[in-house]
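One structure below.
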Number of protein chains: 2
Amino acid sequence: MQTARQIEIVEAALSLINETGIQGLTIKNLSKKIGISEPAIYRHYENKVEILVAVLDSFSNFMGNIKANVEKQSGSLSQIEAMFSAFFKAFYENPSLVAVIFSEELFRNEPRLSDKTSEIINRNIEFLSDVIRKGAQQGDIRTDVPANHLAIMVMGTLRLYVKNWQLTGAGFNLKVEGEKLIRSVIILISK
Amino acid sequence: MQTARQIEIVEAALSLINETGIQGLTIKNLSKKIGISEPAIYRHYENKVEILVAVLDSFSNFMGNIKANVEKQSGSLSQIEAMFSAFFKAFYENPSLVAVIFSEELFRNEPRLSDKTSEIINRNIEFLSDVIRKGAQQGDIRTDVPANHLAIMVMGTLRLYVKNWQLTGAGFNLKVEGEKLIRSVIILISK
DNA sequence: CAAACGTTAGTTAATATTCACTAACTTGCA
DNA sequence: TGCAAGTTAGTGAATATTAACTAACGTTTG
């Protein structure tokens, strides 16, 4: 279980990565953000890698929750729609999360971290492929292109759109504009 | 103009980023890779940022060349097809380039670098939007979804696919498998 | 034509700064 | 009163960069 301070550290780390990239995530910056001294950090996490592991784990949980909710929807198209909506809402309300969805480049130096990140990506694509395959069987989703191609398109679209939102400095309303993009995606993959 | 040594430095930097991420790009590693001393690097570039600027500029040129060739094709669908092919071929033959297409996260700390990277992304999406808009006018590309949505989908698909190829350690043939993905994308955006 | 001069590209050694992390001490609270 | 959570003051290693110097080559000029 995580203590209140541990959660605080993970959230501060997330927001530091979001603001300044991985290079800005130093123990010094982290402690300054929280308002304690550097060594105090080590009372709560053994070392820096453990903090990053906790960051990735919290994102992994977040993804798990989204999927669980998505699966309650009936119909593949509704599920994909719900997944996009949940993503956009979460990123809109907590922009720091965006950093993690593009974290493959950030955590490359530590094998334990890079393994975790590529695992998250693969799990997402796998999940989407399954949803699409079922939708194809039920006649909702087109079958003239392979399910894994559609999954890469859907996931790639989501990622680039969120990335662009980040690059514009949250310059447009991700939730509102995102809804329009969802409709376009649905049109393209529907039968 | 660039000297032979400058080109050598940029190529070494590119391949270091590709192998070990931005954290692995140190003057020490760079000089070791080339086989000269660390200070010798500074005979050719004023500082580290200038090296990264040169890396981004060389990618910008590479992109310009691709676009120039793509525009020789007649028909929007052929142009998009040619663009994908050119990308896949280039990345397949020079995997280090992949690092740059996902460089937004890497160069975030230096404003001059982050500006350059987001400019590259936007230029690509703009270019694609234009191609798609013309294709829509000529009746080749579907008009039931906005051109900029299609552009984000096409570009996002390309990016995630290349990313996955990188994450699998070039575990599949990007050129061969990529051709199949192109066909799927073309099917989806065609009228 | 050859010596003086300047340039290019390298060297070793040292710089200040930042990094993650630790040892030892103090404080507040159940 | 004992322990969890904080502090101050340090560590060694790595970072980008600079200083001072040199070998090799080209160019100008007496």
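Bear in mind that the values here come from a model prediction, so they are computed numbers and not experimental data. Proteins come first, then strands; the chains are lettered A, B, ... in the order of their sequence lines, and each starts at number 1.
Taking a 6.0 Å sphere around CD of Glu93(A), one finds it holds more than 12 heavy atoms contributed by other residues, nucleotides or ligands.
The C1' atoms of five pairs define one axis at each end of the helix from dC1(C)-dG30(D) to dA30(C)-dT1(D), and these two axes lie 10° apart (to 10°).
Atom CD1 of Ile51(A) and atom C1' of dC19(C) are 14 Å apart (whole Å). If you take CD of Glu8(B) and P of dA9(C), they are 12 Å apart, rounded to a whole angstrom. When the P atom of dT11(D) is taken as reference, atom CG of Asn47(A) falls 22 Å away, rounded to whole Å. Atom CD of Glu38(A) and atom C1' of dT18(C) are 10 Å apart (whole Å). When rounded to the nearest whole Å, the span between OH of Tyr42(A) and P of dG10(D) equals 19 Å. Across the protein-nucleic acid pair, Gln6(B) atom CD and dA9(C) atom C1' stand 13 Å apart, rounded to whole Å. What separates CD of Glu110(A) from C1' of dA20(C) is a distance of 13 Å, to the nearest Å. Across the protein-nucleic acid pair, Asn109(A) atom CG and dA20(C) atom P stand 12 Å apart, rounded to whole Å.
Residues Ile7(B) and Val55(B) do not share a hydrophobic cluster, defined by chaining ILVMFWY side chains whose heavy atoms lie under 4.5 Å apart.
For the residue pair Ser60(B)/Arg123(B), the side-chain donor-acceptor check at 3.5 Å is satisfied. Residues Ser85(B) and Glu179(B) bring a donor and an acceptor atom of their side chains to less than 3.5 Å of each other. Judged by distance alone, the side chains of Lys163(B) and Gln166(B) do bring a donor and an acceptor atom under 3.5 Å apart. Judged purely by distance below 3.5 Å, without hydrogens or angles, the side chains of Ser15(A) and Glu11(A) never pair a donor atom with an acceptor atom.
If you look at Phe59(B) and Phe62(B), their ring centroids are closer than 6.0 Å. With ring centers used as reference points, Tyr161(A) lies under 6.0 Å from Phe172(A).
The nearest pair of heavy atoms linking Ala54(B) to Gln2(B) is CB-OE1, 4.1 Å.
OP1 or OP2 of dA4(D) has not a single side-chain nitrogen or oxygen of His44(A) nearer than 4.0 Å. At dG10(C), one or more side-chain N or O atoms of Arg5(B) fall inside 4.0 Å of OP1 or OP2 (strictly under the cut-off).
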Worksheet item: In the 5'-to-3' direction, what one-character label does each nucleotide of nucleotides 23-30 of chain C receive under the scheme B = base within less than 4.0 Å of a protein heavy atom, S = sugar-phosphate only, - = no such atom?
Response: BBB-----
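At least one cation-pi condition fails for Lys175(A) and Phe88(A): the charged atom is not both under 6.0 angstrom from the six-membered ring centre and inside a 45 degree cone around its axis.
If you check residues 20-37 of chain A against DNA chain D, the residues with a heavy atom closer than 4.0 Å are Ile36(A), Ser37(A), listed by number.
A 4.5 Å side-chain heavy-atom check between Asn124(B) and Met63(B) finds at least one atom pair inside the cut-off.
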